[in-house]
**Student:** 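Below is the structure I would like to discuss, written out as structure tokens.
Remember, predicted model here, so these are calculated numbers, not experimental data. The chains referred to below are lettered A, B, ... by the order of the sequence lines, with proteins before strands, and numbering in each begins at 1.
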Number of protein chains: 2
Amino acid sequence: MNATGKEAGAEFSKRLNTVGFRFTPQRQQVYDVLLQKRDHPTAEEVFFRAKKHMPDISHATVYNCLDALVECGLVRQVQLDRGAARFCPNMREHGHFYCDACGRVYDVNLPEKPRPEISLPKGFKAQRYEIAIHGICPECANKKRFNASTL
Amino acid sequence: MNATGKEAGAEFSKRLNTVGFRFTPQRQQVYDVLLQKRDHPTAEEVFFRAKKHMPDISHATVYNCLDALVECGLVRQVQLDRGAARFCPNMREHGHFYCDACGRVYDVNLPEKPRPEISLPKGFKAQRYEIAIHGICPECANKKRFNASTL
DNA sequence: CTAGGTGCAAAAGGTTTGCGGTTAA
DNA sequence: TTAACCGCAAACCTTTTGCACCTAG
């Protein structure tokens, strides 16, 4: 039911400590929110969900927690359009599909075979990749077809 | 000197028209700004540069023009962090390297051989890809080494 | 004990909107 | 001629900041 039993909690705490962060209930709560519904919520959305279990949590704290989780490698931040950043606890290598019609975000698997190494000019040190695919999701594609046929 | 002579201007106008946009001097100016210094400026930066040649141009118009250029396929919008969107008139297939230290953005070539097709679940229609590589650029890598050695 | 984290409220970006006047086609 | 576009200014949304209090280690 809940992804953070005592064992997982200790693991989580250790992970924070290794990067110099403290364990706090707020950080745990924010991480739980991300694990419980993996729909790439914005910071605002995380705030509302966390508030249900922890009514006094503040906006600023949610941003702080999200940044901490990103920094210690438990969460990815995804920036897909001019709007708010989104957050994703899936640390496996994967890309994101962004529906330009409805704004929903889907995880997409990348080819298992490692993609041809992108050769960076001398001196550039890559730390991580983000692959975003923009397009139309099945649901919106259907809606569109329907609308077009009834005009 | 200037990428938009009379011929290029006619070409530009035609491109706008095909997507249902009008030619306007402001759109030309904004496009010129992007062509003249390909350093992935933000809308704000485009605004300041355009203002030098067209003092009455407004903030809102710059956003309008940028959106129009993106919509008719002359410019790409790139979103690399929580900050402002950046704009890029290079429509060849390429990725972006974002330096986490200084925030500069570099174009990077992708492998000539088409990368293995990313297989999307049934029904998803991809329209465009964005590949962002986060890391440290050579200049910042050097600075870092220097600072570390003098602490 | 104390550096780091929290909550609050205000400020700071960045982008969008509404409106009266202007202009490309 | 007129729908599209412009400039202006205010509104809006997202994120950051400063500060007094609190707490994990």
Side-chain angles (χ1 to χ4, degrees), chain A residues 6 9-10 12-31 33 40-72 75 77-87 103, chain B residues 9-31 33 40-72 75 77-87 103:
Chain A
K6 287 185 191 89
F12 178 70
S13 179
K14 204 189 297 180
R15 183 60 159 274
L16 285 167
N17 292 338
T18 61
V19 196
F21 289 117
R22 285 188 189 165
F23 170 90
T24 73
Q26 288 86 349
R27 283 172 181 167
Q28 178 83 74
Q29 178 60 63
V30 164
Y31 190 43
V33 162
H40 307 84
T42 63
E44 179 93 354
E45 184 58 34
V46 171
F47 173 62
F48 285 130
R49 295 183 195 172
K51 225 175 157 63
K52 283 191 196 134
H53 304 93
M54 195 179 263
D56 285 347
I57 197 171
S58 75
H59 223 147
T61 295
V62 169
Y63 277 97
N64 167 347
C65 293
L66 288 169
D67 287 346
L69 294 173
V70 168
E71 226 170 298
C72 66
V75 166
Q77 176 180 337
V78 191
Q79 195 71 45
L80 290 157
D81 58 7
R82 279 184 199 159
R86 296 158 173 282
F87 297 87
Chain B
E11 194 62 32
F12 178 71
S13 179
K14 204 189 297 179
R15 183 62 159 274
L16 285 167
N17 292 338
T18 60
V19 195
F21 288 116
R22 285 189 188 164
F23 170 91
T24 73
Q26 288 85 349
R27 284 171 181 168
Q28 178 81 77
Q29 179 60 62
V30 164
Y31 190 43
V33 163
H40 308 84
T42 63
E44 177 94 355
E45 184 58 34
V46 172
F47 173 62
F48 284 130
R49 294 184 194 171
K51 224 173 157 64
K52 283 191 197 137
H53 304 93
M54 194 178 265
D56 286 347
I57 198 172
S58 76
H59 223 148
T61 296
V62 169
Y63 277 97
N64 167 348
C65 294
L66 288 169
D67 287 346
L69 295 173
V70 168
E71 226 172 298
C72 66
V75 166
Q77 177 179 335
V78 191
Q79 196 71 43
L80 290 158
D81 59 7
R82 279 185 198 157
R86 295 158 174 283
F87 297 87

**Student:** Check the distance between dC8(D)'s P and K51(B)'s NZ and give it to me in whole angstrom.
**Tutor:** 7 Å

**Student:** Can you name the nearest heavy-atom pair linking N17(A) to F23(A), along with the distance?
**Tutor:** OD1-N, 4.2 Å

**Student:** Please report the distance, rounded to the nearest Å, between NE2 in H59(A) and C1' in dA10(C).
**Tutor:** 14 Å

**Student:** Base, sugar-phosphate alone, or nothing: which one does A84(A) contact when heavy atoms must sit under 4.0 Å apart?
**Tutor:** sugar-phosphate

**Student:** R86(A) CZ to dT15(D) C1': how many Å, rounded?
**Tutor:** 16 Å

**Student:** What contact category does Q26(B) fall into here, base, sugar-phosphate, or nothing, at under 4.0 angstrom with non-hydrogen atoms?
**Tutor:** sugar-phosphate

**Student:** Under a 4.0 Å threshold between the charged nitrogen and the carboxylate oxygen, would R86(A) count as salt-bridged to D81(A)?
**Tutor:** no

**Student:** Which part of the nucleic acid, if any, lies within reach of A85(B) when heavy atoms closer than 4.0 Å are counted: base, sugar-phosphate only, or nothing?
**Tutor:** sugar-phosphate

**Student:** Taking only the side-chain heavy atoms of R27(A) (C-beta and beyond), determine which of dG7(C), dG5(C), dG25(D) contains the nearest atom.
**Tutor:** dG5(C)

**Student:** Run the salt-bridge test on R49(B) and E45(B) with the 4.0 Å N-O cut-off and return the result as yes or no.
**Tutor:** yes

**Student:** On the nucleotide dG7(D), are OP1 or OP2 found under 4.0 Å from the side-chain N or O atoms that T61(B) carries?
**Tutor:** yes

**Student:** Here's a test of your reading of the structure: between P25(B) and F21(A), which maps to the more 5' nucleotide of DNA chain C?
**Tutor:** F21(A)

**Student:** Is any side-chain nitrogen or oxygen of T24(A) closer than 4.0 Å to OP1 or OP2 of dG4(C)?
**Tutor:** no

**Student:** Rounded to the nearest Å, what distance is computed from the CG atom of residue N64(A) to the C1' atom of nucleotide dC19(D)?
**Tutor:** 15 Å

**Student:** In whole angstrom, what separates I57(A)'s CD1 from dC22(D)'s C1'?
**Tutor:** 15 Å

**Student:** What's the CG-P distance between L16(A) and dT6(C), to the nearest Å?
**Tutor:** 10 Å

**Student:** On a heavy-atom basis, which atom in F47(A) and which in S58(A) lie closest, and how many Å separate them?
**Tutor:** CE1-C, 3.5 Å

**Student:** Think R82(A) has a side-chain N or O under 4.0 angstrom from the OP1 or OP2 of dG14(C)?
**Tutor:** no

**Student:** Given atom CD of Q29(B) and atom P of dC5(D), what is their separation to the nearest angstrom?
**Tutor:** 18 Å

**Student:** Regarding Y63(A), tell me which of base, sugar-phosphate or nothing describes its non-hydrogen contacts under 4.0 Å with the strands shown.
**Tutor:** base

**Student:** With hydrogens left out and only the distance checked, is there a donor-acceptor pair under 3.5 Å joining R22(B)'s side chain and the base of dA4(D)?
**Tutor:** yes

**Student:** Return the value, rounded to whole Å, for the distance between atom CG of D67(A) and atom C1' of dG5(C).
**Tutor:** 13 Å

**Student:** Verify the distance criterion only: is there a donor paired with an acceptor across the side chains of R27(B) and N64(B) at less than 3.5 Å?
**Tutor:** yes

